[in-house]
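Hydrogens, waters and symmetry mates are skipped; everything else that's a heavy atom, side chains included, is used.
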Amino acid sequence: WSNDCPKTYERGKPFLPNRDIQRLPLRMRRFHDWYLRVIPMTIDLIQARFPAGIFGGPNGKIIFDFNDVQTCFHLGAMETNLICT
């Protein structure tokens, strides 16, 4: 971890060091690249749609911020097919 890529979320900074980003699955890398492009646009929250039955009810949306996304990146897995960009 460094000033350019801190371990805790800082707006506009990469979620992971570049060496780790390069090892991610393609969809996670693409999402990370999208994040770095849109962060100057003052986007703070993103929505993910989920189909009926996923949480035991009707279809809907879940809203989360980039701090949550960074946590997913640190865990090493994220279901990007649920996220529409």
Side-chain angles (χ1 to χ4, degrees):
W1 306 107
S2 68
N3 289 337
D4 293 332
C5 181
K7 188 171 185 173
T8 57
Y9 178 73
E10 285 186 36
R11 185 176 174 81
K13 302 277 179 124
F15 295 141
L16 295 168
N18 189 51
R19 67 184 177 277
D20 295 329
I21 293 291
Q22 298 308 314
R23 290 189 223 137
L24 292 173
L26 178 61
R27 288 184 175 180
M28 287 181 74
R29 284 196 318 258
R30 289 169 114 184
F31 184 86
H32 188 267
D33 292 345
W34 173 82
Y35 157 76
L36 292 175
R37 284 193 318 271
V38 301
I39 203 67
M41 296 179 198
T42 67
I43 294 174
D44 293 320
L45 302 171
I46 54 178
Q47 297 180 26
R49 290 184 227 141
F50 57 87
I54 294 294
F55 295 112
N59 63 344
K61 296 178 189 174
I62 187 168
I63 300 172
F64 48 97
D65 63 25
F66 290 116
N67 186 22
D68 297 328
V69 175
Q70 183 182 36
T71 300
C72 291
F73 271 74
H74 286 198
L75 294 173
M78 182 171 68
E79 287 291 331
T80 55
N81 61 335
L82 296 177
I83 300 173
C84 299
T85 57

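- The CZ atom of Arg11 lies 12.0 Å from the CG atom of Asn67; values are rounded to the nearest 0.5 Å.
- Contact record, Pro14 with Cys5: O-SG, 3.6 Å, taken as the closest heavy-atom pair.
- The side-chain heavy atoms of Tyr9 and Thr71, taken from C-beta on, include no pair separated by under 4.5 Å.
- Ile62 approaches Phe50 most closely through the heavy-atom pair N-CE2, 3.9 Å.
- Residues Leu45 and Met41 are members of separate hydrophobic clusters, defined by side-chain heavy-atom contacts under 4.5 angstrom among Ile, Leu, Val, Met, Phe, Trp and Tyr.
- Using modelled atom types, one side-chain atom of Asp65 and one backbone atom of Asp68 make a donor-acceptor pair closer than 3.5 Å.
- Between the CG atom of Asp33 and the CZ atom of Arg37 there is a distance of 6.5 Å, given to the nearest 0.5 Å.
- Note: Ile46 CD1 to Phe64 CZ = 4.0 Å, rounded to the nearest 0.5 Å.
- Side-chain atoms of Tyr35 do not come within 3.5 Å of backbone N or O of Arg30 as any donor-acceptor pair.
- Considering all non-hydrogen atoms of both residues, Lys7 and Gln70 come closest at O-NE2, 3.7 Å.
- Across all non-hydrogen atoms, the minimal contact from Lys13 to Pro6 is CB-CD, 3.8 Å.
- Here the side chains of Met28 and His32 are not in contact, with every heavy-atom distance at 4.5 Å or above.
- A distance of 12.5 Å separates CZ of Arg29 from CG of Asp20, quoted to the nearest 0.5 Å.
- With rounding to the nearest 0.5 Å, the separation of CD in Gln22 from CG in Leu16 is 11.0 Å.
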